[in-house]
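A quick write-up on the structure given underneath.
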Amino acid sequence: MTKILIVEGNSGEIIRTKHENGLKIGSDKYHEAMALYTPDTEFDVSIPFEPDMQNNEIRIEDYNAFALTGSGVDWSSRDKEAKPYLDHVEKILATGKPVIGSCWGMQTVVQILGGNCGPNENGTEVGLAEDIRLSAEGRAHWIFEGMPDSFPSPCVHRDHVAHLPECFDLLAGNSVSPVQAACYNREDIDFVGFQFHPEFDLDYVQSMRQSAEILPGTHKIIANFPDNPPEIVSNAGLRTRVVSNWISHVQNKKAASGIAA
């Protein structure tokens with residue numbers, strides 16, 4: 001059986017508040033998206049900002065792959081408050097096993113590996129990230145197999161990648177955030193990440209839009225959400241295509257390693 005660890009990016013306070021109000025958190029959404037393609041997979045959740053909230057003891061070596069969620073914390077990945085999360089992710093990257101990340105999840109990996117992330121001077125993007133365009137590297141990468149060269153995707157973010165180090169390939173960008181997708185291009189780490197949220201469904205994005213004005217550090221809201229969203233985001237299979245491609249990668253790498261499914 002494949003085991004995937006989802007690393008929750010929110011603080012304990014945010015998690016408790018959301019649960020008290022009957023709302024889901026990032027790990028719930030990643031679980032839902034990945035479960036569309038992995039009925040025989042076991043999922044666990046780690047909470048680096050508050051390990052006491054975890055349901056069981058987490059041993060990183062027990063897992064075949066890892067997913068890093070977004071986050072609504074007040075701080076950026078470059079701030080000292082992010083250290084518990086970055087320390088946890090650094091250990092995960094060192095396994096060489098497949099890692100996927102959205103939003104905060106991508107930003108933290110970029111920060112660990114020599115980049116810089118922080119508030120986007122263009123403003124907070126919430127709703128649909130429009131006209132995400134694949135680079136030549138993106139068009140050739142397996143994560144975007146079956147995807148068009150340009151597409152929209154759900155998004156909620158204040159911060160973004162301000163500097164992408166040379167150890168990454170830029171896979172996609174748009175006018176709001178030039179780094180909308182990137183991957184690590186060396187053999188010792190297996191990471192691909194997105195600024196957008198392929199794991200989010202449209203109802204969830206709509207609920208996030210309602211609270212966009214209270215995001216810490218917000219100075220401008222870019223809230224694109226058409227009345228009739230295109231099929232590539234309204235259809236779950238199309239919206240989560242990159243998640244499906246990543247799951248296939250995880251299974252292929254596991255099979256190549258000789259580990260029984």
Side-chain angles (χ1 to χ4, degrees), residues 1-73 77 82-109 111-112 143 184 189-194 197-201 204 236 240 242-261:
M1 174 177 288
T2 301
K3 294 186 66 175
I4 294 178
L5 181 66
I6 304 174
V7 185
E8 176 60 54
N10 282 305
S11 65
E13 179 182 0
I14 291 174
I15 294 170
R16 282 187 287 270
T17 299
K18 283 184 173 289
H19 284 170
E20 287 169 2
N21 289 282
L23 301 175
K24 294 182 177 180
I25 56 177
S27 51
D28 296 323
K29 302 312 295 180
Y30 247 118
H31 186 182
E32 290 175 1
M34 292 189 294
L36 293 172
Y37 308 103
T38 57
D40 60 344
T41 294
E42 179 181 328
F43 295 96
D44 287 321
V45 177
S46 65
I47 307 174
F49 288 124
E50 197 155 346
D52 289 345
M53 294 183 71
Q54 295 166 185
N55 293 330
N56 54 354
E57 182 181 356
I58 300 298
R59 288 165 29 99
I60 288 173
E61 61 269 23
D62 291 342
Y63 297 92
N64 304 108
F66 306 88
L68 314 179
T69 78
S71 178
V73 295
S77 59
K83 189 176 188 304
Y85 192 94
L86 270 63
D87 287 349
H88 187 58
V89 171
E90 194 164 9
K91 294 174 184 176
I92 286 171
L93 294 173
T95 68
K97 295 176 180 178
V99 183
I100 192 174
S102 294
C103 200
W104 163 266
M106 179 175 73
Q107 293 163 20
T108 53
V109 173
Q111 196 73 41
I112 288 168
I143 194 67
Y184 189 79
I189 291 174
D190 184 347
F191 174 76
V192 62
F194 318 105
H197 284 277
E199 76 279 16
F200 283 2
D201 58 71
Y204 190 73
T240 60
V242 293
V243 176
S244 172
N245 290 342
W246 182 76
I247 291 293
S248 295
H249 172 68
V250 171
Q251 294 169 338
N252 291 338
K253 192 166 185 178
K254 182 182 173 186
S257 71
I259 300 174

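Index from 1, following the sequence.
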Atom CD in E199, atom CD1 in I6: separation rounded to 0.5 Å?
10.0 Å
Qualifying ring pair (Phe, Tyr, Trp, His ring centres under 6.0 Å) pairs with a residue from residues 15-38, counting only residues at least two apart or across chains:
H31-F43
Measuring only between side-chain heavy atoms, which start at C-beta, is V99 closer than 4.5 Å to V89?
no
Working to the nearest 0.5 angstrom, can you tell me the gap between W104 CH2 and H197 NE2?
12.0 Å
Might you confirm whether atom NZ of K3 has over 12 heavy atoms from other residues, nucleotides or ligands at distances under 6.0 Å?
yes
Contacts of D52 that satisfy side chain to side chain contact (heavy atoms under 4.5 Å, CB included) - sequence neighbours left out
none
Shortest non-hydrogen contact from A82 toward S77
CB-O, 3.6 Å
What's the spacing between L68 CG and S46 OG if we round to 0.5 Å?
8.5 Å
Once ring pair (Phe, Tyr, Trp, His ring centres under 6.0 Å) is applied, do any residues pair with Y184, and if so which ones, sequence neighbours excluded?
F168
Any heavy-atom pair between the side chains of T95 and Y63 that's under 4.5 Å?
no
How close do T240 and A33 get, heavy atom to heavy atom, and via which atoms?
CG2-CB, 4.2 Å
Working to the nearest 0.5 Å, report the span between OG1 of T69 and CZ of F200.
8.0 Å
How close do S71 and G9 get, counting heavy atoms only, and between which atoms?
OG-O, 2.7 Å
Hey, does I100 have a side-chain heavy atom less than 4.5 Å from the side chain of H249?
no
Any side-chain heavy atom of V250 within less than 4.5 Å of one from W246?
yes
Could you tell me whether K24 sits above the aromatic face of Y204, with NZ or CZ closer than 6.0 angstrom to the six-membered ring centre and within 45 degrees of the axis?
no
The test is side chain to side chain contact (heavy atoms under 4.5 Å, CB included); show your working for E32 and L36 and say whether it passes.
CA-CA 7 Å; E32 290 175 1; L36 293 172; over 6 Å; no
Are more than 12 heavy atoms, taken from residues, nucleotides or ligands other than E61, located less than 6.0 Å from that residue's CD atom?
yes
State, with a plain yes or no, whether a side-chain heavy atom of I60 is found less than 4.5 Å away from one of H88.
yes
Closer than 3.5 angstrom, by distance alone: can the side chain of S248 be matched with the main-chain N or O of S244 as a donor-acceptor pair?
yes
Ignoring hydrogens and angles, tell me if any N or O in the side chain of Q54 forms a donor-acceptor pair with the backbone of I47 under 3.5 Å.
yes
Keeping the roles fixed (side chain from D28, backbone from I25), state whether a donor-acceptor pair exists under 3.5 Å.
yes
Of N21, I14, I15, the one forming a side chain to side chain contact (heavy atoms under 4.5 Å, CB included) with K18 is I14
Where do E8 and G26 come nearest, in terms of heavy atoms and distance?
OE1-N, 3.5 Å
Are S102 and P198 side-chain neighbours, meaning at least one heavy-atom pair lies under 4.5 Å?
yes
Residue pair N64 / P98: nearest heavy atoms and the distance that separates them:
O-CD, 3.5 Å
Could you measure the distance from the CZ atom of F49 to the CD atom of E13? Nearest 0.5 Å is fine.
12.5 Å
Given 3.5 Å as the limit, does a donor-acceptor pair link the side chain of K254 with the main chain of M1, or not?
yes
Within the 4.5 Å heavy-atom criterion, are I58 and L5 side-chain neighbours or not?
yes
Once rounded to the nearest 0.5 Å, what's the spacing between atom CG of D87 and atom OG1 of T108?
11.5 Å
Is there a side-chain contact between M34 and T41 in this structure, where contact means two heavy atoms from C-beta onward sitting under 4.5 Å apart?
no
